[in-house]
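Please read the structure below before turning to the comments.
Order of appearance sets the numbers: ligands from 1, and atoms from 1 within every ligand. Treat the numbers as computed from the prediction; the structure is a model and nothing was measured. Residue indices begin at 1 and follow the sequence shown.
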Amino acid sequence: MKTIIEPFKIKSVEQIKFTTEEDRKKILKKAFYNPFMIPAEDVLIDLLTDSGTSAMSSKQWAGVMDGDESYAGSKSYFRFEEVTQKIFGFKHIIPVHQGRAAERILSAAVLSQVDEAGRFIVNGKGKFIPNNNHFDTTRANIEFNGAEAVDLVIEEGKHPSVQHPFKGNMDIEKLDNYIAMVGKENVPLCMTTITNNTGGGQPVSMENIRLTGKICKKYGIPFFIDACRFAENAYFIKLREKGYENKSILEIAKEMFSYADGCTMSAKKDAFANIGGFLAMNNEVLYDECRNLLIITEGFETYGGLAGRDLEAIAQGLEEILDEHYLQYRIRSTAYLGEKISKGGVPIIQPPGGHAIYVDAKALLPHIPVEQYPGQAFVCELYISGGIRAVEIGSVMFGKYDSHGKLIPAEMELVRLAIPRRVYTQSHIDYVAEVILEIYKKRKEIKGYKIVEEPKFLRHFTSKFAPV
Ligand SMILES: *Cc1c(COP(=O)(O)O)cnc(C)c1O
């Protein structure tokens, strides 16, 4: 087979600033060894996230100029509605400013009650919402409303080195038993995340989506898909699931969503947009409630916190993401990085996911105890050696303390290299692999870090570190 090439030409470029290792040591020290505090300008290759960082196409930019900024009934809204209905197939679509706004509205709507005085209150106490793995904002929105967010991914999905074609799958038997155990009246919603971001960008099979829908139907529970990376998931189904080899991405997407009652979506992922999202569903009663919540914080239902130009960019992006040449390049280029570094000995979550490569820092740096944050040490080394920015997903992000102030570490110490869509070329990725392999060679010299200052919540964003 011929080399898979970037399926686009470059019309507009953004210069990147070069720094020396000496510069970067100073910059990192000034940022208290926390990459979130490094000015983006001082980063050579930014793999912090694939969210909102996509390169928009010339047609998307043309759409931005063409956006209709009318308050109600904007032409851009109708285009957005047409495209989303074509792909996702749900009756009602509400635009929102990001995926988390859709999650906030949906979780409040399914956990709401009317009290004796006729007031609308949200009370999730004693309620449970299962998912393969909740993304952190989904979990936070559910927990903020008092309910419990439950992860029921298959066992294979919890072990980095175990191979499985659909490591993001829900454990169907566990789901069935779980609902029976807590009582269907206490499960107001069930979700599945495609691809499973928290689990390493791993796909969910069509069969698994269908069976999850079937279980939900049996108990009368609404089933929603977290659709952020729906096109990447659809492409994995085409590659790996029998019977889908010859189906188009649109056909696969339509079938995935046909098993669900609705979806939440961040357009910052598989819609190539820099901002935006939506909430979609079939049920009229739920829709009415969501629409009321929307108006309180996001705006009228034909713009939902977005400008008309954003709706145009999303609509155009959704058309483009269905392109198989793009998806082939996308999935291949992520795997390419994963294969290159794992061949060189670097332990990663296997097989490579859709949007990111996750390095297993605990296995890479076994001489650094978890109390000295091996993931953070690797992230700092990536920046010093190559100006590459990545994010620790381990005990910095998820660690807690016991009553004696001793660290309760996270289950895994990972470093995520997220690949922005259409932004970097193959030589950028080759460079990233080179830097990582160089670090691998000198891994025994790498030292750990300690936290010198931290906030109460979400400490990975603002904690300050120092080398041990
Ligand atoms: C990014 C993301 C979200 C939240 O979307 P935002 O637009 O960042 O609010 C929800 N779920 C998954 C799986 C995501 O990756």
Next on the checklist: Under a plain distance cut-off of 3.5 Å, with no hydrogens placed, do His97 and Asp310 share a side-chain donor-acceptor pair?
Outcome noted: no
Next on the checklist: Checking Tyr358 against Gln202: is there a side-chain donor and acceptor pair closer than 3.5 Å?
Outcome noted: no
Checklist entry - So, Lys86 and Glu319, do they make that salt bridge, N to O below 4.0 Å? => result yes
May I ask you to identify the nearest protein heavy atom to [atom], giving residue, atom name and distance to one decimal place in Å?
atom                   : answer
atom 6 (P) of ligand 1 : Gln98 NE2, 3.3 Å
atom 8 (O) of ligand 1 : Arg100 NH2, 2.9 Å
atom 7 (O) of ligand 1 : Ser266 OG, 2.7 Å

Item to check | Close-contact set for ligand 1 against Thr193 heavy atoms, below 4.0 Å | outcome: 13 (C)
Checklist entry - Which ligand 1 atoms does Asn197 reach within 4.0 Å, using its non-hydrogen atoms? => result 13 (C), 14 (C), 15 (O)
Item to check | Residues Lys75, Asp66; criterion salt bridge (Lys or Arg N to Asp or Glu O under 4.0 Å); working and verdict | outcome: CA-CA 10 Å; Lys75 164 174 86 64; Asp66 204 31; 3.6 Å; yes
Next on the checklist: Run the ring pair (Phe, Tyr, Trp, His ring centres under 6.0 Å) test on Tyr326 and Phe272 for me, step by step, so that the C-alpha distance in whole Å, both residues' side-chain angles and the decisive distance to 0.1 Å come before the verdict.
Outcome noted: CA-CA 12 Å; Tyr326 163 74; Phe272 291 124; 4.9 Å; yes
Checklist entry - Thr195 to ligand 1: N or O pair under 3.5 Å? => result no
Item to check | Polar atom proximity, Cys228 to ligand 1 (N or O, under 3.5 Å) | outcome: no
Item to check | Option nearest atom 2 (C) of ligand 1 (shortest heavy-atom distance, choices Lys268, His97, Lys269, Arg139) | outcome: Lys269
Checklist entry - Ignoring hydrogens and geometry, is there a side-chain-to-backbone donor-acceptor pair from Asn132 to Asn169 under 3.5 Å? => result no
